[in-house]
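In what follows, chains carry the letters A, B, and so on, assigned in the order in which the sequence lines appear, proteins first and then strands, with residues in each chain numbered from 1.
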Amino acid sequence: MPEKPYDHNQIELKWHERWQNADFYKAEENSTKPKFYVLEMLPYPSGTLHIGHIRNYSIGDALARYKWMRGFNVLHPMGWDAFGLPAENAAIANQRPPREWTQQNIASMKKTHRRFAFSYDWDREVSTCEPEYYRWNQWFFLKMFERGLAYRKKALVNWCPKCVTVLANEQVVEGCCWRHEDTPVEQRALEQWFLKITDYADQLLDDMRQLEGGWPDRVLTMQRNWIGRSEGTEADFALEGSKTPIRVFTTRVDTIFGATCLILAPEHPLNETLLDANGQARAKAMVDARAGRDPGDIEKEGFFTGRYAVNPYSGEKVPVWVGNFVLMGYGTGAIMAVPAHDERDFEFCTKYGITIRPVIRPVDGPLDTNPKQAFGEYGIVENSGRWSGLASEEARRQMNDYAEEKGFGKAAITYRLKDWGISRQRYWGTPIPMIHCPKCGVVPVPEDQLPVVLPDRVEITGAGRSPLENVPEFVNVKCPKCGEPAKRETDTMDTFMDSSWYFYRYCDAHNDRMPFDPAKVAYWFEIDQYIGGVEHAILHLIYSRFFTKMMRDIGLITNSEPARRLFTQGMVIAEGAKMSKSKGNVVGADMLAEKYGADTARMFVLFAAPPEKEVDWRWEGADGIYRFLGRVYRFVTRNIGRADFPPPGDADRKVIRKLHQTLKKITEDFETRWHFNTCISSVMELVNMLYAEEKGISAEPMCEILEKLALVLAPFAPYVAQEIWEELGNQGPVFRHPWPSFDPELAKEDLAEVVVQVNGKLRGRIHVPFGTPKEELEALAQADDKVKPFLEGKQIVKIITVPDKLVNIVVK
RNA sequence: GCGGAUGUGGCGAAAUUGGCAGACGCGCUGGAUUUAGGUUCCAGUUCCCGCAAGGGAGUGUAGGUUCAAGUCCUAUCAUCCGCACCA
């Protein structure tokens with residue numbers, strides 16, 4: 001057959017059309033339990049759908065297709081993000097009717113991903129935007145409410161005055177709105193719903209031990225920091241002239257005799273009674289000044305309240321101050337300042353001339369009167385009454401006991417992790433199924449009335465309150481308890497709620513009685529492999545771990561962790577920045593596909609770097625991939641049905657060996673590391689050799705090679721692979737054919753190449769049969785012409801020999 | 001400041017268990033095909049000296065362990081990421 005030019009357009013269109021309605025996307029029934037892989041949809045900041053597709057699908061596809069060939073049945077559903085609205089895009093969130101938008105989106109996603117991707121099981125698809133999904137979000141919310149895990153309180157929220165909306169924590173970038181980088185976020189007090197994730201803080205921390213090895217260390221560390229457990233002591237300082245004491249939290253109670261003042265956070269509730277109008281104004285100014293600033297840039301300042309408090313251990317009277325560096329959100333919002341042993345306290349107290357009193361000395365030295373040396377260090381406690389002379393750790397223990405005994409404090413643990421605020425003042429999202437009744441208070445919507453569905457037409461006011469408030473037929477309801485007129489909750493849920501359990505729903509997507517059948521989930525879970533972007537390391541991945549534990553506690557599931565293994569993909573960056581639509585630096589993988597075709601586009605992205613690494617997007621290298629696919633295609637077409645094959649010869653052995661070496665390499669890389677870049681490069685090596693040896697390859701090996709080439713290429717370049725598969729006279733999809741196995745015997749070289757070093761430097765190489773004995777190797781090495789000159793006139797001290805690999809001669 | 005990672009050619013990168021540094025690709029150089037350009041094919045391409053054979057240096061920097069270090073240890077610098085007056 002004459003050589004055909006590689007026309008990617010023609011090939012891709014042809015198969016694109018044929019695959020439109022093919023049923024081989026469906027998972028095959030399998031007698032053994034398949035692996036459960038979940039591929040999170042968008043590993044990149046939302047808005048980067050373009051690039052998200054190609055990179056994520058590539059990895060997902062390549063894996064899924066490969067696993068399929070190996071006889072696995074991979075559950076590979078669409079992730080929630082695919083249908084979910086970009087949560088941060090308030091404009092769209094408030095304008096589009098969700099249902100239509102969703103359906104439109106599904107349609108377009110189906111189209112796009114047919115082009116780029118392959119193996120989705122549409123039966124299991126779930127849209128988090130569908131009322132059916134609201135229902136189970138709401139169901140979970142009610143279960144948590146019953147258990148006291150969902151509660152309502154007034155809380156400060158981030159507020160962007162330009163967007164006129166509430167922002168989630170993750171949408172606040174360096175104190176400013178993520179869309180208006182010059183606009184500091186304000187704090188507003190609103191009634192909000194919270195989930196008590198803090199109840200699970202210790203479990204979330206402890207269970208990480210199960211995840212070690214399966215999850216990247218980086219993610220585990222980030223989670224550990226985010227939860228931020230610290231052990232310490234809470235102690236009450238009696239406030240003079242008041243019955244309410246001031247409670248402080250410290251991790252270093254052993255330094256408490258060095259506490260020379262108390263400092264309250266400017267937002268501390270006690271300030272309302274403690275301060276005069278002037279003082280309150282100053283405190284408020286501090287809070288405002290802090291908004292939108294990098295904490296490191298703010299100079300510490302504060303003022304004396306005029307009041308004193310009593311150190312419960314020493315009985316010493318210390319002044320009470322207000323300080324701008326004390327955070328209300330951590331510990332108790334009040335600290336004892338120990339300027340001798342804490343850098344921040346030192347800075348503050350030096351500025352205002354407050355006494356500095358060292359109380360910790362090094363184990364092997366005297367008390368250091370220059371306090372700067374001792375910040376944060378442990379040692380021996382001094383000048384501390386009955387505790388003097390104890391080691392820090394022991395002092396802490398005894399002082400904790402003492403506090404408890406005397407009733408003024410106790411050992412305490414605080415967390416950086418805060419309860420999860422899920423209220424959003426948005427149209428978009430799952431309505432929170434609660435009703436506010438003037439008589440009965442907050443009443444849950446009865447389970448049989450779920451789902452509470454969003455109204456279709458909503459006018460956007462931009463007033464910064466939920467647009468749902470303006471829809472009377474939604475808001476005005478009868479109280480389920482007393483039947484009197486009441487108001488519906490108008491906040492909707494954070495979309496992270498959806499993402500926290502979507503993969504459970506995949507196991508039983510059409511269940512209309514429960515979120516899912518526990519038996520089905522028990523069959524699939526835990527997830528064998530979860531794949532997603534790093535940026536979800538703390539939020540999504542902590543929330544979904546929390547959900548899993550909550551679901552276990554309400555008896556739905558038995559596993560404590562959602563996923564055994566986690567793989568975090570690197571991000572695609574452009575010119576050093578994360579790609580995002582708002583930055584306008586999304587470079588089109590579409591354009592790449594337009595010019596070279598989807599096969600080249602996908603393969604190029606896979607070839608650029610291993611998947612866990614972030615990759616700077618530039619398309620200079622794409623030519624090489626396109627050339628390569630052309631080389632393959634032309635090679636195959638001109639060798640199909642050729643009449644003039646030579647008789648079997650040396651070349652056959654050579655290329656068959658290379659073929660099996662390639663198969664071995666790809667199979668191993670695929671199975672363990674997912675380093676597709678090295679897989680691809682080894683196929684390239686094979687093809688390079690095929691070009692060099694083409695004339696000498698006889699008919700039979702050529703047949704084998706062409707077929708294996710199609711199979712090996714299929715995960716990376718499905719269209720060309722399929723086309724070749726058909727040209728070779730095969731029927732049906734190449735993906736249904738089992739993955740080719742390799743023969744280790746055929747992959748073996750005839751002779752071992754043994755490297756000869758003199759003093760660790762490469763001087764020669766000898767070729768010997770495998771298993772040549774040590775003595776013989778050493779003799780051959782010394783006799784080698786290239787090696788000899790380096791041995792002349794020298795004395796051989798030692799020879800190290802690694803059989804079949806290396807001889808190192810040490811000379812003097 | 002704390003925590004985590006990463007540093008290898010002009011570029012993306014490879015080297016999986018301490019054993020040939022730079023596979024594969026881009027780019028570049030030369031050659032063949034071509035009226036020419038493009039395409040395709042072949043060869044070369046870490047740096048320095050050399051026409052060449054060959055030799056020397058070389059994985060951010062400085063030490064160390066080892067017959068042998070990109071890989072292990074110590075220190076240090078740079079970059080990136082995460083958290084950040086967290087008491």
Residue set satisfying side-chain hydrogen bond (donor to acceptor under 3.5 Å, both in side chains) with A:Glu694, at least two apart, ordered chain then number -> A:Arg638, A:Asn639
SB check A:Lys665 A:Asp669 (cutoff 4.0 Å)
yes
When the nearest nucleotide of RNA chain B is assigned to A:Asn759 and to A:Phe325 on a heavy-atom basis, which residue is associated with the more 5' position?
A:Asn759
So what does A:Glu343 touch, heavy atoms closer than 4.0 Å: a base, only the sugar-phosphate, or nothing?
nothing
Tell me what A:Phe790 touches on the nucleic acid: a base, only sugar-phosphate, or nothing, going by heavy atoms under 4.0 Å.
sugar-phosphate
Considering only the C1' atoms, how many Å lie between B:rG30 and B:rU79, rounded to the nearest integer?
38 Å
Pick the C1' atom in B:rA57 and in B:rG9, then give their distance to the nearest Å.
14 Å
Nearest heavy atom decides the nucleotide; on that basis, is A:Val802 or A:Ser230 closer to the 5' end of RNA chain B?
A:Val802
Per atom distances to the A:Thr221 side chain, the nearest of B:rC86, B:rG19, B:rG4 is B:rG4
Does A:Lys774 pair with A:Glu778 as a salt bridge, N-O distance under 4.0 Å?
no
Taking only N and O in the side chain of A:Arg224, is any of them less than 4.0 Å away from OP1 or OP2 of B:rC83?
no
Quick check for you: among B:rG27, B:rG12, B:rC42, whose closest atom lies nearest to any side-chain atom of A:Arg627?
B:rG27
N/O donor-acceptor pair, side chain A:Asn808 with base B:rC67, under 3.5 angstrom
yes
Nearest to the A:Arg673 side chain among B:rU16, B:rA87, B:rG4, which nucleotide is it?
B:rU16
Quick check on B:rG9: syn or anti? Syn means the glycosidic torsion is within 90 degrees of zero.
syn
May I ask you to decide if A:Met399's main-chain N or O and A:Tyr313's side chain share a donor-acceptor pair within less than 3.5 Å?
yes
Taking atom P in both B:rA75 and B:rG82, compute the distance separating them and give it to the nearest angstrom.
26 Å
Strand partner of B:rC26, provided both Watson-Crick or wobble distances fall under 3.5 Å
B:rG10
Rounded distance in Å between the C1' positions of B:rG1 and B:rU8
31 Å
Which nucleotide, B:rC41, B:rG4, B:rG19, lies nearest any side-chain atom of A:Arg634?
B:rC41
Selected nucleotide, minimal atom distance to A:Tyr691 side chain, candidates B:rG27, B:rU16, B:rC42
B:rC42
For B:rC41, does either OP1 or OP2 sit under 4.0 Å from a side-chain N or O belonging to A:Arg638?
no
Scan A:Asn688 against the nucleic acid and name what it touches under 4.0 Å (heavy atoms): base, sugar-phosphate only, or nothing.
sugar-phosphate
Considering only distance and modelled atom types, tabulate donor-acceptor pairs under 3.5 Å from the side chains of residues 752-767 of chain A, sequence neighbours left out.
from     : atom 1 : to       : atom 2 : distance (Å)
A:Glu753 : OE2    : A:His767 : NE2    : 3.3
A:Asn759 : OD1    : A:Val811 : N      : 3.0

Checking A:Trp215 now: which residues fulfil ring-ring contact (aromatic ring centres under 6.0 Å, His included) with it, not counting sequence neighbours?
none
Taking OP1 and OP2 of B:rA14, is either one under 4.0 Å from a side-chain nitrogen or oxygen of A:Asn677?
yes
How close or far is atom C1' of B:rG19 from atom NZ of A:Lys774, stated in whole angstroms?
14 Å
Which part of the nucleic acid, if any, lies within contact of A:Glu347, taking any heavy atom under 4.0 Å across all strands shown: a base, the sugar-phosphate backbone alone, or nothing?
nothing
Measure centre to centre between the rings of A:Tyr691 and A:Phe635, then say whether the value is under 6.0 Å.
yes
Using the side-chain heavy atoms of A:Val810, tell me which of these nucleotides is nearest: B:rG19, B:rC67, B:rC83.
B:rC67
Options B:rC26, B:rA87, B:rC67, nucleotide nearest the side-chain atoms of A:Lys798
B:rC67
Phosphate oxygens OP1/OP2 of B:rA84: is one of them under 4.0 Å from a side-chain N or O of A:Arg344?
no
Got a sec? Which of residues 760-768 of chain A come in under 4.0 Å of RNA chain B, heavy atoms?
A:Lys761, A:Arg763, A:Arg765
To the nearest 0.5 Å, atom NZ of A:Lys664 lies from atom OG1 of A:Thr662 at 11.5 Å
Run A:Thr198 and A:Tyr415 through side chain to side chain donor-acceptor pair (under 3.5 Å) and show every step you take.
CA-CA 8 Å; A:Thr198 49; A:Tyr415 299 92; over 6 Å; no
Near RNA chain B, which residues from residues 678-686 of chain A have a heavy atom under 4.0 Å away?
A:Thr678, A:Ser681, A:Met684, A:Glu685
Starting from the C-alpha separation in whole Å, work towards a yes-or-no answer on side chain to side chain donor-acceptor pair (under 3.5 Å) for A:Arg416 and A:Asn225.
CA-CA 8 Å; A:Arg416 212 186 75 93; A:Asn225 292 343; over 6 Å; no
Between NE2 on residue A:His341 and CG on residue A:Asp254, distance to nearest 0.5 Å
8.5 Å
Within the structure, does a side-chain N or O atom of A:Arg416 lie under 4.0 Å from either OP1 or OP2 of B:rA87?
no
With both distances kept under 3.5 Å, what pairs with B:rG1, Watson-Crick or G-U wobble?
B:rC83
Say we look at B:rG63 and B:rA69: how far apart would their P atoms be, to the nearest angstrom?
15 Å
Give one of base, sugar-phosphate or nothing for A:Lys665, where a contact means two heavy atoms less than 4.0 Å apart.
base
Partners meeting ring-ring contact (aromatic ring centres under 6.0 Å, His included) with A:Phe348 (sequence neighbours left out)
A:Trp321, A:Phe325, A:Tyr352
Whom does B:rA57 pair with, Watson-Crick or G-U wobble, provided both distances fall under 3.5 Å?
B:rU46
